Amino acid sequence: MSKKYLITTALAYTNGPLHLGHVRSTYIPADVMRRYLKLIGKEVIHIGGTDNHGVPITLTAEKEGVSPEDIVNKYHNEIKRDLDSLSIEFNSYGKTHSDIHIKTAQEFYLKLKDNGYIYEKDIEQFYCSRCNKFLADRYVEGICPHCSGEARGDHCEVCGRHLEPTELINPYCVNCGSTPEIRKTTHRFFRLSALSKDLMEYIKNSNIPDYVKNMAYRWIEELHDWDISRDMDWGVPLPDDKNQVMYVWLEAPIGYISFTKMLGDIWRDYWLNDGSKDVKIWHFIGKDIAIHHSVFWPGMLMAHEEYSLPSSVISGGYLTLEGKKMSTSKRWVVWVEDFIKYFDPDYLRYFLMINAPLNKDCDFSFDEFQKRINTELIAIIGNFTHRTIVFTHRKFKGIVKVDEDNLKEEDLKLINKCKETVKEYHNHIINFNFKDALMDIIHLAKEGNNYFQRMEPWTVKDEERLREILYTCLLTVKYIIYLLYPFMPNKCRELLNQMNEELDLNIRESGLKKPTVVFKKIEDRDIELAKKEILNIENEDNINKLKDKGNKNKDKEYKKDKENRRNTMDTITIEDFAKLDLRIAQILEAQEIPKSKKLLKLIVDIGDEKRQVVAGIKGHYTPEDLIGKKIVVLCNLKPAKLCGVESQGMILAGGEETVALLVPDRDIPVGSKIQ
RNA sequence: AGCGGGGUAGGGUAGCCAGGCCGAUCCCGCCGGGCUCAUAACCCGGAGAUCCGAAGUUCAAAUCUUCGCCCCGCUACCA
C-alpha cells in the first residue's frame, strides 16, 4: 500500500443543498475511506468544495433578483452545513469562485496553451438579442428536423438524435421566448484528440472500475477536441481574452488542485509528479460525471505534464426514492437537512453503505431503512455490544483483563475470528466494497452472540473463568467498534466513552460507566412521521398496519400526535397573513399539460398583469369550465417549475376527493386585494 | 431512440469476467425448538429457488454464445 492518499469528492454545484443521493454516491463512501486509512496510520487528506460557475447559477440569480455571488454563498454554506451534519470531514473545503482557484485555473490554462494544446476556432452560436447573450445549447429549444418532435439544444427529446443546435427549426430562447440569431464567435479548443492513444493506455492500466473503463473506451474511440470557452461573464476569465470565461468542466476539476493549495506547500507532495512520489489520488464521484473524470480530466493533466494522474475514479451508483426516480423539481427528494431532523446521521451512513454495493443503483425507502437498522445494526451488532457491557458492568463494575495464555480453545476461536475479520474487512474497504465490509462486522457480532449464548456467563460461578469469558467478549466488542468506526464515528465514540476505552484493538483494565442504550430503535411512528412530513405522503397501509396490531394505545397516541402537530402549526399573526398577496383574478386561458396527471396551465389576469399559473385541478375542472371564472390567486409565491412549466402563483382551492375553487360570491373587480 | 446496469427462495443480495468445489451465499422474513445476560432481543434447527424464457456450445452452464421478454438508471437542473 501507498503511504499517502489524496481523496477528493465531486464539487457540489451551488444551486441547491444536498440530498440523500449526493451523500450516498460520493461523500459518505469517501469519508468512510478517509477515516479507515487514517485509522491504519496512512497519511490521507480529503479535498472538496463547491462548483460555483456556469449558466444555471446565473439564471437562478436572475430569477431571484440577486447576484450570482449571493446564490453561491448561500448554497455553499448550506452544503457545508449538510456535510458537517453527517460528520463528513475535509482537510480543505473551497469554492471555485475564489482567488486561489481562479489563479490556479488560469495558470493551468496557460500551461496547456504553452504546451500547444489550445487553439482558436470560429464557431456559430445562437445569440439572443433580447437577453443580450449567447445561449448555451440547452437554452435553445425548437423542432427536430428529423422527426418534427420537440428538441432541446443539441438533442431531440423525441427521436433521441444528436443535432447541431443550428439545425433546429423554429428555435426559441428558453428564457424569453424570442427567436435567437446565429452569430459568429471565436472559441478556444482543447486538443483532446491528440491524446487519445495516451488516454487509452492510461485507462487500460489504471484501477478505474471496469464499467467506467468500458464507457471511457467507447468515448475515446470518437474523441473530439473540446470547446473550452464560453461567451459569458460569470466564471474564470480566460487569461488571454477577458471577454470569455473557461467552460466549467475545464475549470472545476482544477479545484481539486486549488483547494489542496489552501493547505500550503504540502500540496506539492500530493500533486507534483516528479517520479518520486508514492501517492494515490482517488476521485469519488457520482456516475454521471464518470467520463469527465476518466477522460477529460486525465487528458488535461497529461497535457499539463507536471501533475499526477488519478489512480482511480470511484463512481457511485444512483439512489431512487421509494422505488421512484428522484427529482428536485417534482420535490421527490429527501434533503439531508430534513432527514437528520428525524434520524441519527450515523444510521444514515450505515444504511446507505450497507444497502447495496457502491457501484450499483439502489433504492432508499423509509421502511427498508427502519428494518435494516432495527434488525441488523441494533439486534445483532448493538445487542452484542450492549449485553456484553451491561453484564460486565453488573458483575465487575469495570473492564476485566486476563492473561491471554490461559484462555480456552473456544475463547481463542472467537479472538481468531476477530483477527480474520480485520483482514477481510481491510480487503473489502480498499476495494471499495463497503457493503461487504459492514457484512463482515455483522458476521463477527453474530459469532459474538453465539459465543455469549454458549458460554452462558450468567450461570458461571467460577470468577476467574467468568473474567476470561467477559474479556473475550469485551475484546470482540473492541474489534467491532474499531471496524465500525469509519462508518459510524459518533456512535463508536459513545461506546468507547462508556467503556473508558481508546480507538484501538486492545483493552485496558478500567472502570465502566453505567451503560445506556447507544443504538436506539427506530419506532414505527418516527417512520410514519418522516414519510408524511418529508415525502408529503400519508402511507395508509402502514397506518392500517399499526391498527391491525391491535395496539390501541399506540394508535391513540399517533392520532393525538397528529392533532397536536396540526394545532401547533396553526397560530400565526396578522402580520404573517399580510405577507400574502392574495387577489381576485380572472382566468383567461386554460389548457391541459399533457405529461402530467393533475396539472392545468392557466393564464390569469391579476389586475395589473397577466400571469401563467399551474394548478393541480385536472380531472376536477375541464379547461372550458374555467375560462372566464373569477378566482383567488396567491400572487407573491416564489415561482416554480412544475412538469417543466413555469408557475408564477397559486390558485386557491380546497377539498381532496371533491375539489372546489374559491370564488367571490359577488362580482368585484379583477385585482381586488383579499384582506 | 442511443448508452449503461440488471432479472437467483416471500423481500433484498453473493456467485457470472477465469464453466465442474453450486445438491447455489449471506441478511431479513416464515416455521419449530432453546435461552433469559440483553433494546419482545439472542442461540440452534428447518422449510422455501424450474438461477426471466427459448435455443445452442460442452463430458459438465446460474456461469459461455444467440434470440426474445421484462425492470431500472443515464442521455434535461441533479451524485
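Basis for what follows: all heavy atoms, side chains included, without hydrogens, waters or symmetry-related copies. As the structure is a prediction and not an experimental result, all values here were calculated from the model.
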Students often get this wrong, so: under 4.0 angstrom with heavy atoms, is [X] touching a base, only sugar-phosphate, or nothing?
| X | value |
| --- | --- |
| A:Phe452 | base |
| A:Arg24 | nothing |
| A:Asn374 | nothing |
| A:Thr328 | base |
| A:Phe519 | base |
| A:Leu59 | nothing |
| A:Gly21 | base |
| A:Ala10 | nothing |
| A:Ile378 | base |
| A:Asn383 | base |
| A:Ile389 | nothing |
| A:His19 | base |

Looking just at side-chain N and O atoms, do [X] and [Y] make a donor-acceptor pair shorter than 3.5 Å?
| X | Y | result |
| --- | --- | --- |
| A:Lys435 | A:Asn355 | no |
| A:Thr421 | A:Asp440 | no |
| A:Asp411 | A:Tyr451 | yes |
| A:Asn450 | A:Arg454 | yes |

Counter-base of [N], judged by Watson-Crick or G-U geometry with both distances under 3.5 Å:
| N | result |
| --- | --- |
| B:rG29 | none |
| B:rC21 | none |
| B:rC42 | B:rG34 |
| B:rG53 | B:rC67 |
| B:rG73 | B:rC3 |

Of the listed nucleotides ([options]), which one gets closest to any side-chain atom of [X]?
| X | options | value |
| --- | --- | --- |
| A:Thr320 | B:rG73, B:rU13, B:rU39 | B:rG73 |
| A:Ala379 | B:rG73, B:rC42, B:rC27 | B:rC42 |
| A:Glu376 | B:rA76, B:rC27, B:rC77 | B:rC27 |
| A:Lys371 | B:rU39, B:rC28, B:rA38 | B:rC28 |
| A:Pro357 | B:rC27, B:rA14, B:rU36 | B:rA14 |
| A:Lys446 | B:rC28, B:rU13, B:rC37 | B:rC28 |
| A:His22 | B:rC78, B:rU39, B:rG6 | B:rC78 |
| A:Asn450 | B:rC44, B:rU39, B:rC77 | B:rC44 |
| A:Gln453 | B:rC42, B:rC78, B:rA14 | B:rC42 |
| A:Asn15 | B:rC74, B:rU39, B:rC77 | B:rC77 |

*Would you kindly compare A:Asn449 and A:Lys324 by the position of their nearest RNA chain B nucleotide and give the one closer to the 5′ end?*
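That would be A:Asn449.
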*5′-ward residue of the pair A:Leu319/A:Lys325 relative to RNA chain B*: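 This one resolves to A:Lys325.
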*asked:* Other residues, nucleotides and ligands only: do more than 12 of their heavy atoms fall within 6.0 Å of CD on A:Glu410?
replied: yes
*Thinking salt bridges, do A:Arg34 and A:Glu89 make one under a 4.0 Å N-O criterion?*
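Here A:Arg34 pairs with A:Glu89 in a salt bridge, since their nearest N and O are under 4.0 Å apart.
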*Quick one: do A:Asp344 and A:Lys520 make a salt bridge, cutoff under 4.0 Å?*
no
*Using the C1' atoms only, state how far B:rG2 lies from B:rA62, rounded to an integer number of Å.*
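Those two atoms are separated by 30 Å.
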_Under the criterion of centre distance below 5.5 Å and interplanar angle below 30°, is A:Phe391 classified as stacked on the base of B:rC37?_
no
*So, is A:Arg394 near the phosphate of B:rA38, with a side-chain N or O under 4.0 Å from OP1 or OP2?*
yes
